[in-house]
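The next block holds one structure in the form of structure tokens; read it before the comments.
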Amino acid sequence: MSEKPAALNFIEHLIEEDLTNGLSKKDLRFRFPPEPNGYLHIGHTKAIGISFGLGEKYQAPVNLRFDDTNPAKEEQKYVDAIKEDIAWMGYQWDKEVYSSDYFQTLYNWAISFIKKGLAYIDSQSSEQIRLQKGSPTQLGINSPYRTRSVEENLALFTKMKNGEFKEGAHVLRAKIDMEDPNMLMRDPIMYRILKKAHHRTGNDWCIYPMYDWTHGESDYIEQISHSLCSLEFKPHRKLYNWFRDEVYSENYIQLPLAPKQREFARLNLSYTVMSKRKLLQLVDKKIVSGWDDPRMPTISGLRRRGYTPNAIKKFIEAVGVAKRENLIDVSLLEFCIREDLNQTAPRVMVVLNPIKLTIINYPEGKEEFLKADNNPEDESAGCRDIPFSKELYIERADFEEVAKSNFFRLTLGNEVRLKNAYIIKAESIIKDSEGVLKEVRCSYDADSLSGTGSEASLRKVKGTLHWVSVSHAIKTEVRSYDRLFTDAAPDSHKEKTFMDFVNPNSLTVSQAFAEPSLALAKIGNSFQFQRLGYFNVDKDSTGEALVFNKTVGLRDSWIKKKLANNNELTSQKATISPLNEVMRFGKKYTKFSIEKQQETKHRIQELAKSISYEELTPFFGTALKKVGTRIVTMIALGVLIKNNQEITPEIRVFVRKALEDKNELLVTEASKVNS
RNA sequence: UGACCCAUGGUGUAACUGGCAACACAUCUGGUUUUGGUCCAGAAGAGUCUAGGUUCGAGCCCUAGUGGGUCAACCA
């Protein structure tokens with residue numbers, strides 16, 4: 001077996017390295033630490049997938065830790081929602097823990113910091129403290145309270161804890177370095193007074209630890225080996241380590257493992273926004289119906305939309321883990337859900353925008369039940385009977401009176417097959433007084449029934465249409481969704497806000513007709529509406545009326561062709577400057593065939609017309625061995641000289657060196673320029 | 001006028017210890033098909049931001065530049 005080493009991401013590389021350096025595999029432990037102040041979204045699924053995925057890969061426990069150090073923002077309902085979402089994703093956490101579980105320990109450790117002279121009570125206003133902090137380019141200055149005695153600090157801190165001060169009167173600060181280039185090291189606040197009830201600790205505490213003083217220490221208490229978070233926490237690492245090392249030095253006997261923080265780039269998805277704050281705005285401004293609106297990138301929204309845990313996991317896996325800023329195309333997410341649902345979703349027929357179709361030679365009042373496969377991808381799914389009759393609905397878009405030859409659907413005088421039924425031929429149409437098409441009348445070939453094996457049934461026709469019988473159809477509501485924003489990166493514009501790009505047509509509601517088997521559908525069930533896409537039953541459904549959400553459309557090469565015809569082909573290539581293009585050729589010029597070199601040379605000469613001498617001069621110094629670059633530079637130079645560029649000493653040197661070169665191509669070009 | 005991080009096809013990620021830049025999506029052909037779906041076969045597309053250096057050899061190591069990002073909440 002030729003085992004190729006698995007492609008690891010940088011975090012896995014680090015873990016492997018730690019393992020070879022003596023870390024025991026059984027000491028591996030991870031955590032996912034959401035703040036219970038909102039709902040989880042697709043961005044979180046990346047963090048969840050990384051930590052829980054690592055847990056699965058290394059058979060290591062993963063804690064679910066609620067980072068609940070700010071009672072002003074956090075609520076039990078978010079805890080519940082987060083647990084539901086993670087469980088739905090199919091992940092199992094080892095321990096459910098809370099930062100608030102560690103309030104007492106953290107408090108004790110803070111006291112020991114004070115005793116060691118590593119922390120002090122600052123009694124200035126937040127405004128004063130902010131001013132003294134300086135800026136990224138300007139050093140901070142020490143607080144006048146920085147030199148308070150240990151005794152005084154201890155007394156004050158005790159009083160703070162006992163609720164003897166108002167909010168904002170004092171804070172506990174770590175004594176580090178007000179001149180550190182990293183702002184977070186400039187005496188960060190460890191505790192503030194907050195007279196708010198906490199959703200778990202109630203009124204036990206009126207001082208609450210800050211993130212930096214809580215997170216790393218919680219990792220340490222839980223003996224997390226690798227603490228993974230997103231890139232914006234990179235600057236926190238220095239402080240994370242500072243706190244950790246101080247605490248470790250006193251506790252390493254009971255708690256021998258010192259956790260490491262590592263950071264990865266967060267996920268950005270095209271045509272949506274990801275921050276809780278922005279999502280909240282969409283909810284508040286009623287642009288969506290709520291956090292679980294199927295257009296929302298929240299886990300609850302995705303779930304309601306019909307996304308499956310499998311598809312989301314696949315997606316996260318495909319996206320990968322790195323430190324680069326990224327913008328992932330939604331088409332990848334769509335691919336993942338199609339791939340999943342294609343295997344599992346039963347096929348049914350539903351007509352979204354109906355037009356009536358009457359079969360003129362089909363007996364009045366007759367009905368028959370025709371066999372249909374439930375899922376061609378899965379034989380075990382079996383088949384079902386669908387009622388057929390004289391009057392049917394077909395999709396309005398499936399009929400055109402006259403059409404181009406690339407229209408494979410029904411046109412006057414032509415044949416198509418009705419899926420699982422007969423071949424029909426459109427004979428005439430009926431329009432209302434305003435000229436709007438009301439009905440298509442056609443004839444059917446009674447011998448052409450699907451699956452009979454008759455000669456007529458085996459006839460090839462261009463298209464196959466889905467349909468439902470008028471008298472048997474059940475009426476349903478179908479909600480189709482388009483992207484929420486009209487811009488791929490709605491929050492990346494300086495002049496405009498993401499709200500300026502809200503797509504006004506992101507929701508389309510249709511009154512559709514479904515085949516009767518769908519009467520049995522339950523909330524959450526997914527189906528493929530044949531030729532249309534994947535749909536699931538929304539929770540708004542009632543006993544009388546079903547409501548469907550469109551999860552995603554089928555891949556549609558027909559609509560693509562139509563679009564392509566309309567707006568020519570939009571070039572995928574970004575335009576690059578003439579100089580850059582020339583230099584790109586330089587890298588491969590010598591590897592080209594003679595013909596390709598000729599072709600390239602013409603292109604370079606064309607491009608050179610818009611290159612200035614100043615742009616070209618830096619390349620006269622190109623390393624001797626980079627022959628290709630020198631050749632293309634020479635070609636371009638030739639054009640400049642032809643266009644009356646004065647011969648400078650630099651040019652002379654460049655050409656002379658080229659003439660002495662081993663490479664014949666270069667010599668040839670140089671001698672042309674030389675003459 | 002700082003510190004830190006990042007830069008590989010259109011997008012995202014790989015490439016172990018330097019050794020023919022790979023995979024997925026997207027795109028385009030062709031075939032199969034009672035879904036313009038699926039499936040199958042194939043194509044095109046980058047020479048790794050720029051310049052210099054080390055090396056027999058650099059996407060990978062070093063230096064400088066350029067571009068992008070992050071950092072000044074008693075938020076997390």
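Throughout, a chain's letter reflects where its sequence line sits, starting with A, and its residues are numbered from 1.
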Notebook entry, point to check: Is the shortest distance from a Lys or Arg side-chain nitrogen in A:D219 or A:R65 to a carboxylate oxygen in the other one below 4.0 Å?
Noted result: yes
Notebook entry, point to check: Are A:K46 and A:F264 in a cation-pi contact, defined as NZ or CZ under 6.0 Å from the six-membered ring centre and within 45° of the axis?
Noted result: no
Item checked: C1' spacing across the pair B:G10 / B:C28, given as an integer number of angstrom -> 14 Å
Item checked: Integer angstrom distance from the P of B:C23 to that of B:A43 -> 11 Å
Check: So what does A:L327 hit on the nucleic acid, given a heavy-atom distance under 4.0 Å: a base, only sugar-phosphate, or nothing?
Finding: sugar-phosphate
Checklist line | A:W205 six-ring face occupied by A:K161 cation (under 6.0 Å, within 45°) | finding: yes
Note to self: Counting distance alone, no hydrogens or angles: does the base of B:G36 have a donor or acceptor under 3.5 Å from a partner atom on the side chain of A:R409?
What the structure shows: yes
Margin query: If I pick the P atom on B:U11 and the same atom on B:C49, what distance separates them, to the nearest angstrom?
Written below: 13 Å
Checklist line | Residue whose nearest RNA chain B nucleotide is more 5′ - A:K234 or A:A322 | finding: A:K234
Note to self: From the set B:A26, B:U13, B:U33, return the single nucleotide nearest to any side-chain atom of A:F335.
What the structure shows: B:A26
Margin query: Can you tell me which nucleotide in B:C25, B:U35, B:U33 comes closest to the side chain of A:L554?
Written below: B:U35
Next item on the list: Look at all strands and tell whether A:F407 reaches a base, only sugar-phosphate, or nothing, counting heavy atoms closer than 4.0 Å.
Entry: base
Check: Is there a donor-acceptor pair under 3.5 Å between the side chain of A:H198 and the backbone N or O of A:D68?
Finding: yes
Next item on the list: Tell me which nucleotide among B:C25, B:U33, B:U35 gets nearest to the side chain of A:K460.
Entry: B:U33
Margin query: Against A:H170, only a single residue in A:F165, A:F157, A:Y120 fulfils ring pair (Phe, Tyr, Trp, His ring centres under 6.0 Å); can you say which?
Written below: A:F165
Checklist line | Stem list, RNA chain B (Watson-Crick or G-U pairing under 3.5 Å, at least 3 consecutive pairs) | finding: B:2-7 with B:66-71, B:10-13 with B:22-25, B:27-31 with B:39-43, B:49-53 with B:61-65
Item checked: Aromatic ring pairing A:Y39/A:Y78, orientation class (parallel under 30°, perpendicular over 60°, tilted between) -> perpendicular
Note to self: Is it the case that the side chain of A:H466 and the backbone of A:M349 share a donor-acceptor pair, with hydrogens and angles ignored and the cut-off at 3.5 Å?
What the structure shows: no
Margin query: Is it the case that atom NZ in A:K175 sees more than 12 heavy atoms from other parts of the structure closer than 6.0 Å?
Written below: yes
Notebook entry, point to check: Can B:G47 be described as syn, meaning its chi torsion is within 90° of 0, or is it anti?
Noted result: syn
Notebook entry, point to check: What does A:V321 touch in the nucleic acid at a heavy-atom separation under 4.0 angstrom: a base, only the sugar-phosphate, or nothing?
Noted result: sugar-phosphate
Note to self: Over all strands shown, is A:K419 touching base, sugar-phosphate only, or nothing at heavy-atom distances under 4.0 angstrom?
What the structure shows: base
Next item on the list: Would you indicate what A:G533 reaches in the nucleic acid, counting non-hydrogen atoms under 4.0 angstrom: base, sugar-phosphate, or nothing?
Entry: nothing
Checklist line | Sugar-phosphate only, base, or nothing, as touched by A:R417 at under 4.0 Å among non-hydrogen atoms | finding: base
Next item on the list: Can you sort out the partners of A:E127 under side-chain hydrogen bond (donor to acceptor under 3.5 Å, both in side chains), two or more places apart, ordered by chain and number?
Entry: A:R130
Check: Between A:Y534 and A:K550, is there a cation-pi geometry (under 6.0 Å to ring centre, at most 45° from the normal)?
Finding: no
Check: Does the B:U35 base have a donor-acceptor partner in the side chain of A:R347 within less than 3.5 Å?
Finding: yes
Notebook entry, point to check: Is there a donor on the side chain of A:E377 or the base of B:G37 sitting less than 3.5 Å from an acceptor on the other?
Noted result: yes
Check: For nucleotides 67-76 of chain B, read 5' to 3', which letter fits each nucleotide if B means a protein heavy atom sits under 4.0 Å from the base, S means only the sugar-phosphate is that close, and - means neither?
Finding: --SSSBSBBB
Check: A:S557 side chain N/O closer than 4.0 Å to the phosphate oxygens (OP1, OP2) of B:G37?
Finding: yes
Check: At under 4.0 Å between heavy atoms, what does A:E334 touch on the DNA or RNA strands: base, sugar-phosphate, or nothing?
Finding: nothing
Next item on the list: Start with the C-alpha gap between A:R459 and A:D445, add the side-chain angles, then the distance that decides, and say whether salt bridge (Lys or Arg N to Asp or Glu O under 4.0 Å) holds.
Entry: CA-CA 11 Å; A:R459 206 158 74 234; A:D445 177 348; 3.0 Å; yes
Notebook entry, point to check: Roughly how far apart, to the nearest Å, are B:C60 and B:A73 at atom C1'?
Noted result: 40 Å
Item checked: OP1 or OP2 of B:C60 under 4.0 Å from side-chain N/O of A:H13 -> no
